[in-house]
There are 2 protein chains.
Amino acid sequence: MHSEFELIARYLAPAPAPAAAGVALGVGDDCALLAPSAGEHLAVSVDTSVAGVHFPADAPPEAVGHRALAVSLSDLAAMGARGRWCLMSLTLPAADDAWVAAFAEGFHALCEACGVSLAGGDVTRGELAVGVTVMGEVPPSEALTRAGARPGDWLAVTGALGGGAGGLQRWQAGERDLDDPLIRRYLRPRPRLAAGLALRGLAGAAIDISDGLLADLGHLREASGVGAELWPERLPLAEGLVDALGEARARQLALGGGDDYELLVSLPPERLDEARARLAALALPLTVIGRVTAVPGVTGVEPTGVSGWQHFPGDTP
Amino acid sequence: MHSEFELIARYLAPAPAPAAAGVALGVGDDCALLAPSAGEHLAVSVDTSVAGVHFPADAPPEAVGHRALAVSLSDLAAMGARGRWCLMSLTLPAADDAWVAAFAEGFHALCEACGVSLAGGDVTRGELAVGVTVMGEVPPSEALTRAGARPGDWLAVTGALGGGAGGLQRWQAGERDLDDPLIRRYLRPRPRLAAGLALRGLAGAAIDISDGLLADLGHLREASGVGAELWPERLPLAEGLVDALGEARARQLALGGGDDYELLVSLPPERLDEARARLAALALPLTVIGRVTAVPGVTGVEPTGVSGWQHFPGDTP
């Protein structure tokens, strides 16, 4: 067992960051000191992942670390921001060296893969939860907001859908094969940072699909003041989803399930080819799934019975 | 009852921030977009306050909101940074409108008092906890770190000590008078942001007293590679502390109790008068309590039996 400070020092403090990473002073003082790039906006977001709510309490610690960071980085991706720094706030029921070491490994590996520096954090005692603050940068005129969709734009998604919810369903059914494509998809989502950067200057609006396609499309529609026509038969389905759950359920999850962390974007039609070419260079498909309309609401889909993830649903007594 | 999104929109989303506050895009998109000042370092820190660990689960919600923000802002104060923005991550066991409204009132009031803008956040379900990320700015050469103490410097503290621990003790004994000076001190600490700014260019090192004077002095000594001689009879004791708990216990708590959120600084002797004058303008005393020595360790105090706050103490089985 180690004190809080030893835990932080041993597992969570990163290797000294190169000056190029813009970290003037890292973990170990009252604050970290960062050097933002001149003339850029700082994009910031925080997400807290709670055991038993956002991830299974028995998920592998390495996956918990990866996933908590991934869901926050996904918000930077959806703004077209370049990931720069993060802060981690880890709440643990007990000090468990092995758990924290594996957790940190998953967290740090994704930091490295995404070029993001862990600049600070804290460790506290309580119900297992991970809060991750992410900071990125984007030139002022190039941020991808939710508000830029215009009637006539295509609606398109990166990658494939339904895998997050499908993986959660398999985990809940007792599947523990971490190499199962759906389990992997659920536990280790890949934030689409490179895609967000590639879509700067092309996409009118963007949002990441965390609550489910229909729910997140709702946020985008509301912010843009538009409606949407969806073509559900065109939804790109995650690898293994139809085999595991059948086509009907697969399509339900692609529409209404959460945890995919793909990007949903609106694209003026003349920019579609360029957007596809840029994402092809990242080996990432971009699939048109509908179009933006002037009429509020969504056409083309029936209620699925699978609603997007929402805490405290309005109908809870 | 309201959905997560309604809760956020109703209570946590701030009024539209003036452009002067450097918020280009506030709550409601995937990220907030901030406009950092050219040529300054960004000082960032995160602290999570867990019910039953960092504050009493039955504390008034307004105080929970105030306190969670105050402990994070205290880290900016200790760096000499100007507070700019914050993000809040609120975890709640159930949606309770009245509780959230009062919580938000306490949080927003301190934001306003400190000139800090709430730029975003999230609300999740789980054990009551509040994570607050704070962001401030400081010119690169003017940050007050823990590492700048030199032998021969005075050690000085702002305000008075022991009130945080004294207030917690009274709360645990059943006292619920929110106007009791110790209770007030514990539940509603004032981050010393103005003092941190005033001490730029004067203090050699600074740290905020959150874990207790001896513990935080230990962090400062370690970072600076120095020792300290303390004069415990000079410790400024919080209002009401001796009356409530007697002098011996008062001095113990001033030395070893946590939650004071005053600043401990090192000062080259020739700068003491100027530092006192600047803090006097803020109606804040600055008391010399010892001096920095070249010999590692601390002289002048006996072990108090009250150790600074630490989660997962090393001797826990």
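When reading the values below, keep in mind they use all heavy atoms of this one structure, side chains included, and skip hydrogens, waters and symmetry mates. Labels below follow one simple rule: chain letters A, B, ... track the order of the sequence lines, proteins then strands, and each chain is numbered from 1.
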Supply the atom-to-atom distance [X] [atom1] to [Y] [atom2], rounded to the nearest 0.5 angstrom.
X: Leu33(A); Y: Met79(B); atom1: CG; atom2: CE; result: 4.0 Å
X: Thr91(B); Y: His54(A); atom1: OG1; atom2: NE2; result: 8.0 Å
X: Ile207(B); Y: Asp29(A); atom1: CD1; atom2: CG; result: 7.5 Å

Where on [X] is there a heavy atom nearer than 4.5 Å to chain A: the side chain, the backbone, both, or neither?
X: Thr145(B); value: both
X: Ala223(B); value: neither
X: Leu90(B); value: neither
X: Ala35(B); value: both

If only atom types and distance count, is the side chain of Asp75(B) paired as donor or acceptor with the main-chain N or O of Cys31(A) below 3.5 Å?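 No, because the side chain of Asp75(B) does not come within donor-acceptor range (under 3.5 Å) of the backbone of Cys31(A).
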
Can a donor-acceptor pair be found, under 3.5 Å and without considering hydrogens, that links the side chain of Asp122(B) to the backbone of Thr48(A)?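 Judged by distance alone, yes, a pair lies under 3.5 Å.
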
Taking every non-hydrogen pair under 4.5 Å, which of Ala43(B), Ser45(B), Ala32(B) racks up the most with chain A?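 Highest number of pairs under 4.5 Å: Ala32(B).
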
Look at Leu220(B), Leu76(B), Leu34(B), Asp47(B) and state which one has the largest set of heavy-atom pairs under 4.5 Å with chain A.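 The candidate making the most pairs under 4.5 Å is Leu34(B).
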
Closest heavy-atom pair and its distance - His41(B), Ala24(A):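 That closest heavy-atom pairing would be CE1-CB, 3.3 Å.
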
Looking at every heavy atom in both Asp30(A) and Ala206(B), which two are closest together, and how far apart are they?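 For Asp30(A) and Ala206(B), the tightest heavy-atom pair comes out as OD2-O, 3.5 Å.
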
Top contributor to chain B interface from [options] [non-hydrogen pairs under 4.5 Å]:
options: Gly39(A), Ser89(A), Ser49(A); answer: Ser89(A)
options: Leu87(A), Leu25(A), Val44(A); answer: Val44(A)
options: Pro36(A), Ser37(A), Ser74(A), Ala147(A); answer: Pro36(A)
options: Met88(A), Glu127(A), Glu40(A); answer: Glu127(A)

Contact origin within Ala38(A) toward chain B - heavy atom pairs under 4.5 Å: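 Neither part.
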
Per-residue contact mode, Ala77(A) against chain B (heavy atom under 4.5 angstrom):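 For Ala77(A), neither part sits under 4.5 Å from chain B.
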
Sort by residue number and list every member of residues 129-139 of chain B having a non-hydrogen atom under 4.5 Å from chain A.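 When heavy atoms of chain A are the reference, residues 129-139 of chain B contributes Thr133(B), Met135(B), Val138(B) within the under-4.5 Å range.
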
Does the side chain of Val50(A) reach to within under 4.5 Å of the side chain of Arg125(B), using non-hydrogen atoms?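 Val50(A) does not reach Arg125(B) side chain to side chain.
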
Quick one: salt bridge (charged side-chain N to carboxylate O under 4.0 Å, His left out) partners of Arg200(B), sequence neighbours excluded?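 In terms of salt bridge (charged side-chain N to carboxylate O under 4.0 Å, His left out), with neighbours along the sequence ignored, Arg200(B) is linked to Glu142(B).
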
For atom CZ of Arg221(A), is the number of surrounding heavy atoms from other residues, nucleotides or ligands below 6.0 Å larger than 12?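 Atom CZ in Arg221(A) is crowded, with more than 12 foreign heavy atoms closer than 6.0 Å.
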
